[in-house]
Amino acid sequence: MLDELLERRWWSIFVSPYVCMGRLVRYDDHFFELKNADLHDLRDTDTSRELYVADSVATGIKRNRKRVFVRRVGGGVAISKLEDVVDE
């Protein structure tokens, strides 16, 4: 199931006030590895999570990390391909 996300741009919803977007290059039982990623702390802006993701779909991912590892357990709620985000 997760193999279909490999080498695709995707984003993740966390329980914490972060959103992460980037190209998934590999994963294991504990981590997702993303390259050319945007790890964004929503406390740094007045923008909602949904609006930030929708803006990134429209204008592109605002890369602030060459590489980031995201823990799979504990804080994640959902992941999705960026191309699956709809604004209807």
Side-chain angles (χ1 to χ4, degrees):
M1 183 167 41
L2 289 174
D3 286 341
E4 74 181 62
L5 296 176
L6 283 172
E7 297 301 323
R8 305 297 288 271
R9 293 178 311 146
W10 69 280
W11 70 287
S12 179
I13 298 173
F14 297 102
V15 175
S16 66
Y18 291 93
V19 63
C20 188
M21 292 175 269
R23 184 172 51 89
L24 180 64
V25 294
R26 65 183 174 149
Y27 63 91
D28 63 19
D29 291 341
H30 304 286
F31 292 95
F32 294 111
E33 179 185 357
L34 284 81
K35 291 205 173 170
N36 297 319
D38 176 6
L39 180 61
H40 182 74
D41 185 343
L42 293 166
R43 295 173 295 185
D44 293 339
T45 181
D46 292 329
T47 304
S48 71
R49 183 183 317 269
E50 290 298 323
L51 184 56
Y52 190 82
V53 172
D55 286 347
S56 294
V57 169
T59 62
I61 294 174
K62 296 144 194 82
R63 181 183 99 140
N64 58 22
R65 305 282 190 281
K66 290 181 182 178
R67 180 179 178 200
V68 67
F69 292 91
V70 178
R71 272 186 60 200
R72 287 185 63 175
V73 295
V77 175
I79 63 172
S80 174
K81 291 184 285 188
L82 208 56
E83 65 195 43
D84 288 343
V85 174
V86 295
D87 61 357
E88 301 169 351

Residue pair Y52 / T47: nearest heavy atoms and the distance that separates them: N-CG2, 3.5 Å
Donor-acceptor contact below 3.5 Å, side chain R49 vs main chain Y18: yes
pair K66-K35: side-chain heavy atoms closer than 4.5 Å: no
Shortest non-hydrogen separation from C20 to V70 and the atoms involved: SG-CG2, 3.8 Å
Test ring-ring contact (aromatic ring centres under 6.0 Å, His included) applied to Y27 - qualifying residues, sequence neighbours left out: none
Taking every non-hydrogen atom, the tightest pair across N36 and R23: ND2-NH2, 4.4 Å
Verdict with reasoning, E83 to V57, per side chain to side chain contact (heavy atoms under 4.5 Å, CB included): CA-CA 7 Å; E83 65 195 43; V57 169; over 6 Å; no
Joint hydrophobic cluster, L42 plus L51, side-chain heavy atoms closer than 4.5 Å: no
CZ-CG distance between R67 and L34, expressed to the nearest 0.5 angstrom: 11.0 Å
Closest heavy-atom pair and its distance - V68, A37: CG1-CB, 3.6 Å
Single-linkage hydrophobic cluster L24~L39, side-chain heavy atoms < 4.5 angstrom: yes
Close side-chain approach of L82 to I61, heavy-atom, < 4.5 Å: yes
